[in-house]
Amino acid sequence: KTYDYLQLCYYQIGEYKKAADAAYTNLLANPGHKIMEANLEFYLGLENVHRDQLADLEQPEFYGEYLSARKLYSAENFAATIPHMEAALAKYFKEEDTCRVECEKPFDMGWFPDFVSSVSNHFTFCLKCKLNCATHLHSASGVMDEDLLASMFDYLQFSYFKVGDYKKALSNAKTYIRIRGEDKIMQDNINYYSVLLEGESVTLREDALNYIEREENELALLDFIEEDDAVNTENMDNIENSINGEDVIPTNRLKINSFTEAIPPLTPPPIVTFDL
């Protein structure tokens, strides 16, 4: 409702671009809303309001950096791609941490359990809320982009290769594999980078490894809680509803079509143009 009110208020005071942005943001969360669609079309017919300049007012900060990096990558400006994609990644981790902190809050259980059950239920609520933070960030574009985080490492591994930083190329490629699981094309890239480095030992990115291990541990803990029936089962529906009923999406749950095409062993990864 917030953006429903905002778009009307902005229109009444003559802020037509802001009214259009508010209507557009509302539609991203409520696709198919006929009245809002009509309002947006009306605003687009007003002076200085253009469709290609509409802004999602709920877009996380990291996503703007991510889009900038993708554009630079498509232009084959790999040196400029790297700082933007690294900034996007750092902001992604920071925004997820902020989301996780906000999960530490009370919730209405709908009944009055004993102390042990109350603590267990609240802990489980917070845990599931934290695991859903990634889901919210993966929807930064208004639609669920399941490949978002992994794609950052894919862009980076190839960009670092193009600027001659083979260690970072290998580290990002290994990180991608850890997130997505086995991938023949990325494994070919890893083998190629390893030959260039003459077998020098290179590990995963530390920031990503900490993130992945935390999520894996929390998912394992959640499985244990649910399998061991540590939380009163009759209250699980209240916990689910408190976090909007969204399913937890684990780190390595999704398949992705690799951004790089198949390459023969020991040949450089190809340049790929991304559809934006």
Side-chain angles (χ1 to χ4, degrees), residues 52-56 59-97 134 137-181 183-197 200 202-212 251 254-264 266-276:
D52 60 356
Q53 296 178 358
L54 292 175
D56 175 9
Q59 178 177 288
E61 185 180 354
F62 83 90
Y63 199 67
E65 291 280 7
Y66 176 73
L67 294 178
S68 296
R70 283 178 38 158
K71 290 178 180 178
L72 290 165
Y73 186 98
S74 295
E76 300 181 15
N77 189 345
F78 302 107
T81 297
I82 291 170
H84 282 282
M85 194 60 76
E86 289 286 5
L89 190 58
K91 290 178 180 179
Y92 176 95
F93 289 143
K94 182 178 179 180
E95 290 187 42
E96 179 160 344
D97 285 342
L137 292 179
H138 280 227
S139 303
S141 64
V143 295
M144 181 61 179
D145 182 357
E146 297 171 339
D147 304 330
L148 182 60
L149 180 59
S151 73
M152 295 187 194
F153 300 109
D154 203 346
Y155 283 112
L156 283 169
Q157 61 90 19
F158 186 72
S159 296
Y160 276 120
F161 163 73
K162 294 300 290 183
V163 300
D165 194 334
Y166 306 136
K167 285 186 180 181
K168 289 185 178 179
L170 180 54
S171 181
N172 280 280
K174 285 185 173 182
T175 301
Y176 176 94
I177 287 284
R178 177 64 185 273
I179 292 175
R180 283 290 174 260
D183 182 291
K184 182 182 182 305
I185 295 170
M186 191 61 73
Q187 189 60 54
D188 287 341
N189 288 0
I190 289 174
N191 294 340
Y192 178 75
Y193 301 146
S194 297
V195 170
L196 290 176
L197 293 168
E200 182 178 349
V202 176
T203 60
L204 279 67
R205 294 176 58 120
E206 185 176 358
D207 55 356
L209 182 60
N210 292 336
Y211 176 92
I212 294 166
T251 299
L254 302 162
K255 295 181 180 179
I256 177 175
N257 294 323
S258 178
F259 294 125
T260 53
E261 300 173 359
I263 56 175
L266 307 185
T267 58
I271 295 176
V272 179
T273 299
F274 288 81
D275 294 327
L276 300 177

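Since the model is a prediction, treat every value here as computed from it, not as a measurement.
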(message) Could you report the tightest heavy-atom contact between Leu72 and Ala80, atom names first, then the distance?
(response) CD1-O, 3.5 Å
(request) Please identify each residue that fulfils side chain to side chain donor-acceptor pair (under 3.5 Å) with Lys168, with sequence neighbours left out. (result) none
(message) Tell me whether the rings of Tyr66 and Tyr155 are parallel (<30°), tilted (30 to 60°) or perpendicular (>60°).
(response) perpendicular
(message) Test of understanding: with side chain to side chain donor-acceptor pair (under 3.5 Å), list the residues that count as partners of Glu95, not counting sequence neighbours.
(response) none
(request) Please check if any side-chain donor atom of Gln157 sits under 3.5 Å from a side-chain acceptor atom of Tyr193, or the reverse. (result) yes
(request) Please list, chain by chain and in numerical order, all residues satisfying side chain to side chain donor-acceptor pair (under 3.5 Å) with Asn77, sequence neighbours excluded. (result) none
(message) Run the side-chain contact (heavy atoms from CB on, under 4.5 Å) test against Gln53 and tell me which residues pass, sequence neighbours left out.
(response) Lys17, His50
(request) Kindly state each residue pair satisfying salt bridge (Lys or Arg N to Asp or Glu O under 4.0 Å) with at least one member in residues 77-94, sequence neighbours excluded. (result) Glu61-Lys91, Glu65-Lys91, Glu86-Arg205
(request) Could you tell me which residues satisfy ring pair (Phe, Tyr, Trp, His ring centres under 6.0 Å) with Phe153, sequence neighbours excluded, listed by chain and number? (result) none
(message) Among residues at least two apart in sequence or on other chains, which ones pass side-chain contact (heavy atoms from CB on, under 4.5 Å) with Leu209?
(response) Arg178, Leu204, Glu213
(message) According to salt bridge (Lys or Arg N to Asp or Glu O under 4.0 Å), who are the partners of Asp97, at least two apart in sequence or on a separate chain?
(response) Arg214
(message) Contact between Thr81 and Leu156 at the side-chain level, heavy atoms closer than 4.5 Å - yes or no?
(response) no
(request) Apply side-chain contact (heavy atoms from CB on, under 4.5 Å) to Ser68 and list each qualifying residue two or more places apart in sequence or on a separate chain. (result) His84
